[in-house]
Engineer: 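Encoded as C-alpha coordinates, here's the structure I'll be asking about.
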Amino acid sequence: KAGVTQTPRYLIKTRGQQVTLSCSPISGHRSVSWYQQTPGQGLQFLFEYFSETQRNKGNFPGRFSGRQFSNSRSEMNVSTLELGDSALYLCASSLWDRDGYTFGSGTRLTVV
Amino acid sequence: AQSVTQLDSQVPVFEEAPVELRCNYSSSVSVYLFWYVQYPNQGLQLLLKYLSGSTLVESINGFEAEFNKSQTSFHLRKPSVHISDTAEYFCAVSDLGTGGYQKVTFGIGTKLQVIP
(Lines give C-alpha, C1' and ligand atoms only; values in the text may rest on other atoms or scores of the structure.)
Protein backbone atom coordinates (compact mmCIF):
# COMPACT_ATOMS: atom_id res chain seq x y z
CA LYS A 1 0.00 0.00 0.00
CA ALA A 2 1.10 3.57 -0.60
CA GLY A 3 3.02 5.30 2.17
CA VAL A 4 2.62 8.77 3.55
CA THR A 5 3.03 11.30 0.76
CA GLN A 6 4.24 14.82 1.38
CA THR A 7 4.35 17.52 -1.24
CA PRO A 8 6.35 19.37 -2.26
CA ARG A 9 9.69 17.78 -1.30
CA TYR A 10 11.60 21.03 -1.46
CA LEU A 11 10.51 24.63 -1.18
CA ILE A 12 12.33 27.96 -1.16
CA LYS A 13 10.43 30.98 0.09
CA THR A 14 11.24 34.56 0.97
CA ARG A 15 10.79 36.09 4.41
CA GLY A 16 7.28 37.38 4.89
CA GLN A 17 5.67 34.99 2.45
CA GLN A 18 3.35 32.19 3.42
CA VAL A 19 3.53 28.53 2.54
CA THR A 20 1.21 25.53 2.49
CA LEU A 21 2.46 21.98 2.84
CA SER A 22 0.40 18.92 2.04
CA CYS A 23 0.28 15.43 3.50
CA SER A 24 -1.66 12.37 2.33
CA PRO A 25 -1.70 9.67 5.02
CA ILE A 26 -1.83 5.95 4.54
CA SER A 27 -5.30 4.88 3.49
CA GLY A 28 -7.42 4.21 6.58
CA HIS A 29 -5.25 6.23 8.95
CA ARG A 30 -7.30 8.97 10.54
CA SER A 31 -4.58 10.49 12.72
CA VAL A 32 -2.10 12.88 11.12
CA SER A 33 0.67 14.61 13.06
CA TRP A 34 3.13 17.29 11.99
CA TYR A 35 6.67 17.82 13.26
CA GLN A 36 9.37 20.39 12.60
CA GLN A 37 12.87 18.94 12.48
CA THR A 38 15.96 21.12 12.81
CA PRO A 39 19.57 20.07 13.56
CA GLY A 40 19.71 21.69 16.98
CA GLN A 41 16.15 21.06 18.21
CA GLY A 42 15.35 17.57 16.99
CA LEU A 43 11.68 16.87 16.30
CA GLN A 44 9.31 19.49 17.64
CA PHE A 45 5.62 18.63 17.70
CA LEU A 46 3.37 21.02 15.82
CA PHE A 47 -0.11 19.51 15.95
CA GLU A 48 -2.17 16.36 15.53
CA TYR A 49 -5.44 15.95 13.70
CA PHE A 50 -7.92 13.13 14.04
CA SER A 51 -11.09 12.97 11.96
CA GLU A 52 -10.77 16.65 11.00
CA THR A 53 -10.36 17.80 14.62
CA GLN A 54 -7.17 19.15 16.15
CA ARG A 55 -6.49 16.86 19.07
CA ASN A 56 -3.10 18.06 20.26
CA LYS A 57 -1.09 21.20 19.71
CA GLY A 58 2.54 22.02 20.34
CA ASN A 59 4.11 25.26 21.44
CA PHE A 60 4.39 27.08 18.15
CA PRO A 61 3.16 30.61 17.39
CA GLY A 62 -0.16 31.20 15.72
CA ARG A 63 1.60 31.66 12.36
CA PHE A 64 1.60 27.88 12.20
CA SER A 65 -1.78 26.38 11.48
CA GLY A 66 -3.19 23.23 10.01
CA ARG A 67 -6.30 21.43 9.00
CA GLN A 68 -7.50 18.00 8.01
CA PHE A 69 -10.02 17.17 5.34
CA SER A 70 -12.71 14.51 5.34
CA ASN A 71 -10.46 12.16 3.33
CA SER A 72 -7.81 12.50 6.11
CA ARG A 73 -5.45 14.51 3.94
CA SER A 74 -3.87 17.32 5.91
CA GLU A 75 -2.29 20.66 5.19
CA MET A 76 -0.19 22.92 7.31
CA ASN A 77 0.26 26.60 6.68
CA VAL A 78 2.95 28.96 7.86
CA SER A 79 2.30 32.65 7.41
CA THR A 80 4.76 35.53 7.55
CA LEU A 81 7.76 33.27 7.15
CA GLU A 82 10.89 33.90 9.18
CA LEU A 83 14.43 32.67 8.56
CA GLY A 84 14.10 30.44 11.61
CA ASP A 85 11.25 28.54 9.98
CA SER A 86 13.77 26.85 7.69
CA ALA A 87 13.48 23.18 8.57
CA LEU A 88 12.37 19.74 7.48
CA TYR A 89 8.65 19.42 8.09
CA LEU A 90 7.55 15.85 8.68
CA CYS A 91 4.07 14.45 8.52
CA ALA A 92 3.19 11.14 10.17
CA SER A 93 0.04 9.08 10.21
CA SER A 94 -1.15 6.25 12.41
CA LEU A 95 -4.10 3.92 12.76
CA TRP A 96 -3.81 3.33 16.51
CA ASP A 97 -1.51 5.02 19.01
CA ARG A 98 0.09 1.70 19.87
CA ASP A 99 1.11 1.12 16.23
CA GLY A 100 3.51 4.04 16.14
CA TYR A 101 3.86 6.44 13.25
CA THR A 102 4.47 6.03 9.56
CA PHE A 103 6.36 9.10 8.40
CA GLY A 104 6.50 10.79 5.04
CA SER A 105 9.83 11.83 3.51
CA GLY A 106 9.25 15.41 4.56
CA THR A 107 9.20 18.84 2.97
CA ARG A 108 12.42 20.77 3.25
CA LEU A 109 11.56 24.44 3.57
CA THR A 110 14.25 27.05 3.11
CA VAL A 111 13.43 30.66 3.93
CA VAL A 112 15.76 33.25 2.40
CA ALA B 1 5.10 16.91 30.81
CA GLN B 2 6.97 13.96 29.40
CA SER B 3 10.62 14.42 28.50
CA VAL B 4 12.89 12.04 26.61
CA THR B 5 16.65 12.16 27.02
CA GLN B 6 19.15 10.72 24.60
CA LEU B 7 22.43 11.51 26.28
CA ASP B 8 24.68 10.71 23.35
CA SER B 9 24.34 12.99 20.35
CA GLN B 10 26.89 10.99 18.34
CA VAL B 11 28.19 7.46 18.74
CA PRO B 12 31.09 6.28 16.57
CA VAL B 13 31.64 2.53 16.54
CA PHE B 14 33.70 0.15 14.46
CA GLU B 15 31.99 -2.28 12.12
CA GLU B 16 31.07 -5.61 13.77
CA ALA B 17 31.42 -4.09 17.26
CA PRO B 18 28.45 -3.92 19.66
CA VAL B 19 26.61 -0.68 20.31
CA GLU B 20 24.17 0.70 22.86
CA LEU B 21 22.16 3.88 22.32
CA ARG B 22 20.71 5.20 25.54
CA CYS B 23 17.23 6.57 26.14
CA ASN B 24 15.67 7.72 29.40
CA TYR B 25 12.24 9.26 29.89
CA SER B 26 10.64 11.13 32.74
CA SER B 27 7.30 9.40 33.41
CA SER B 28 6.58 5.70 33.26
CA VAL B 29 2.85 5.77 33.89
CA SER B 30 1.26 3.75 31.10
CA VAL B 31 3.63 4.54 28.25
CA TYR B 32 4.33 3.13 24.83
CA LEU B 33 7.98 3.24 23.81
CA PHE B 34 9.43 3.41 20.32
CA TRP B 35 12.71 3.61 18.47
CA TYR B 36 12.80 5.16 15.02
CA VAL B 37 15.66 5.33 12.49
CA GLN B 38 16.27 8.09 9.99
CA TYR B 39 18.54 7.69 6.98
CA PRO B 40 19.83 10.82 5.20
CA ASN B 41 17.19 12.81 3.33
CA GLN B 42 14.40 10.51 4.46
CA GLY B 43 11.65 10.47 7.01
CA LEU B 44 11.75 8.35 10.14
CA GLN B 45 11.03 4.63 10.07
CA LEU B 46 9.74 2.63 12.99
CA LEU B 47 12.44 0.25 14.22
CA LEU B 48 10.76 -1.41 17.20
CA LYS B 49 8.24 -0.74 19.95
CA TYR B 50 7.31 -1.75 23.46
CA LEU B 51 3.66 -1.81 24.42
CA SER B 52 3.42 -4.31 27.28
CA GLY B 53 4.48 -7.82 28.25
CA SER B 54 8.05 -9.00 27.68
CA THR B 55 10.47 -6.21 28.45
CA LEU B 56 12.83 -7.18 25.63
CA VAL B 57 11.71 -6.34 22.11
CA GLU B 58 13.51 -7.05 18.86
CA SER B 59 13.57 -5.71 15.33
CA ILE B 60 13.99 -7.70 12.14
CA ASN B 61 17.48 -6.33 11.49
CA GLY B 62 19.12 -7.39 14.73
CA PHE B 63 18.41 -4.45 17.04
CA GLU B 64 16.84 -5.01 20.43
CA ALA B 65 15.66 -2.74 23.23
CA GLU B 66 14.84 -3.44 26.85
CA PHE B 67 12.17 -1.66 28.85
CA ASN B 68 13.32 -0.95 32.39
CA LYS B 69 10.49 0.56 34.41
CA SER B 70 12.49 1.24 37.57
CA GLN B 71 15.15 3.14 35.65
CA THR B 72 12.69 4.61 33.15
CA SER B 73 14.97 3.57 30.33
CA PHE B 74 14.59 1.99 26.93
CA HIS B 75 18.12 1.50 25.60
CA LEU B 76 18.71 0.24 22.07
CA ARG B 77 21.40 -2.38 21.45
CA LYS B 78 22.91 -4.34 18.61
CA PRO B 79 25.59 -7.00 19.16
CA SER B 80 27.34 -6.41 15.82
CA VAL B 81 26.82 -3.31 13.67
CA HIS B 82 27.12 -2.97 9.91
CA ILE B 83 28.00 -0.01 7.74
CA SER B 84 24.37 0.15 6.67
CA ASP B 85 23.35 0.91 10.27
CA THR B 86 24.84 4.38 9.95
CA ALA B 87 21.86 6.65 10.57
CA GLU B 88 20.21 8.79 13.22
CA TYR B 89 18.15 7.01 15.87
CA PHE B 90 15.28 8.57 17.79
CA CYS B 91 13.67 7.35 20.96
CA ALA B 92 9.99 8.27 21.42
CA VAL B 93 7.49 7.94 24.24
CA SER B 94 3.72 8.00 23.89
CA ASP B 95 1.61 8.80 26.91
CA LEU B 96 -1.57 10.64 27.80
CA GLY B 97 -1.27 14.34 27.13
CA THR B 98 -3.12 17.06 29.01
CA GLY B 99 -5.96 16.90 26.53
CA GLY B 100 -6.66 13.27 27.37
CA TYR B 101 -5.18 11.90 24.15
CA GLN B 102 -1.95 10.05 23.51
CA LYS B 103 0.91 12.43 22.82
CA VAL B 104 4.29 11.43 21.40
CA THR B 105 7.51 13.03 22.63
CA PHE B 106 10.78 12.44 20.79
CA GLY B 107 14.33 12.52 22.01
CA ILE B 108 16.81 14.75 20.23
CA GLY B 109 18.35 11.83 18.37
CA THR B 110 21.65 9.93 18.36
CA LYS B 111 23.78 9.76 15.24
CA LEU B 112 25.34 6.35 14.88
CA GLN B 113 28.42 6.34 12.69
CA VAL B 114 29.80 2.94 11.83
CA ILE B 115 33.48 3.03 10.96
CA PRO B 116 34.82 0.46 8.46
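Below, each value reflects all heavy atoms present in this structure, side chains not excepted, and no hydrogens, waters or symmetry copies. Letters go in sequence order (proteins before strands), and every chain restarts at 1. Not measured: the values here are computed from a predicted model.
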Engineer: Given that the side chain runs from C-beta out, which part of Leu44(B) has a heavy atom under 4.5 Å from chain A: side chain, backbone, both or neither?
Structural biologist: both
Engineer: For Gln41(A), which atoms come within 4.5 Å of any heavy atom of chain B: side chain, backbone, both, or neither?
Structural biologist: backbone
Engineer: For chain B, find which of Gly104(A), Ser105(A), Ser31(A), Cys91(A) contributes the most heavy-atom pairs closer than 4.5 angstrom.
Structural biologist: Ser105(A)
Engineer: Give the cluster check for Val4(A) versus Phe103(A): same hydrophobic cluster or not, with ILVMFWY residues linked at side-chain heavy-atom distances below 4.5 Å.
Structural biologist: no
Engineer: Indicate, with yes or no, if Leu7(B) and Val93(B) share a hydrophobic cluster defined by side-chain heavy-atom contacts under 4.5 Å among Ile, Leu, Val, Met, Phe, Trp and Tyr.
Structural biologist: no
Engineer: Check for me, please, whether Ile26(A) and Val104(B) land in the same ILVMFWY cluster - side-chain distances under 4.5 Å, paths through other members count.
Structural biologist: no
Engineer: Return the NZ to CZ distance between Lys103(B) and Arg55(A), rounded to the nearest 0.5 Å.
Structural biologist: 12.5 Å
Engineer: State whether the number of non-hydrogen atoms from other residues, nucleotides or ligands found under 6.0 Å of Leu83(A) atom CG is greater than 12.
Structural biologist: yes
Engineer: Classify the ring geometry between Phe106(B) and Tyr101(A) as parallel (under 30°), tilted (30 to 60°) or perpendicular (over 60°).
Structural biologist: parallel
Engineer: Check each atom of Tyr35(A) against the heavy atoms of chain B and say whether the ones under 4.5 Å are side chain, backbone, both or neither.
Structural biologist: side chain
Engineer: Output the option from Gly43(B), Ala92(B), Ser9(B), Ser94(B) having the highest count of non-hydrogen pairs under 4.5 Å with chain A.
Structural biologist: Gly43(B)
Engineer: Taking the side chain as everything from C-beta on, heavy atoms only, tell me whether Asn56(A) gets closer than 4.5 Å to Gln102(B).
Structural biologist: no
Engineer: So does Lys13(A) have more than 12 non-hydrogen atoms from other groups sitting under 6.0 Å from NZ?
Structural biologist: yes
Engineer: With a 4.5 Å cut-off on side-chain heavy-atom distances among I, L, V, M, F, W and Y, is there a chain of contacts connecting Val31(B) to Phe74(B)?
Structural biologist: yes
Engineer: Above 12 or not: heavy atoms from other molecules or residues under 6.0 Å from CD1 of Ile115(B)?
Structural biologist: yes
Engineer: Given that the side chain runs from C-beta out, which part of Gln6(B) has a heavy atom under 4.5 Å from chain A: side chain, backbone, both or neither?
Structural biologist: neither
Engineer: Is Asp97(A) close to chain B through its backbone or its side chain, or both, or neither, when contacts mean heavy atoms under 4.5 Å?
Structural biologist: both
Engineer: Over all heavy atoms of both residues, which pair between Leu51(B) and Arg98(A) is shortest? Give the atoms and the distance, please.
Structural biologist: CD2-O, 3.4 Å
Engineer: Heavy-atom count check: over 12 atoms from other residues, nucleotides or ligands less than 6.0 Å from Asn71(A) CG?
Structural biologist: yes
Engineer: Are Trp34(A) and Val19(A) joined in one hydrophobic group, where the rule is that I, L, V, M, F, W and Y side chains link up if heavy atoms are under 4.5 Å apart?
Structural biologist: yes
Engineer: Atom CD1 in Ile108(B), atom CD in Gln44(A): separation rounded to 0.5 Å?
Structural biologist: 8.0 Å
Engineer: If you count heavy-atom pairs within less than 4.5 Å of chain B, which of Gln6(A), Gln37(A), Arg108(A) leads?
Structural biologist: Gln37(A)
Engineer: Could you tell me if the side chain of Leu43(A) sits less than 4.5 Å from the side chain of Tyr36(B), heavy atoms only?
Structural biologist: no
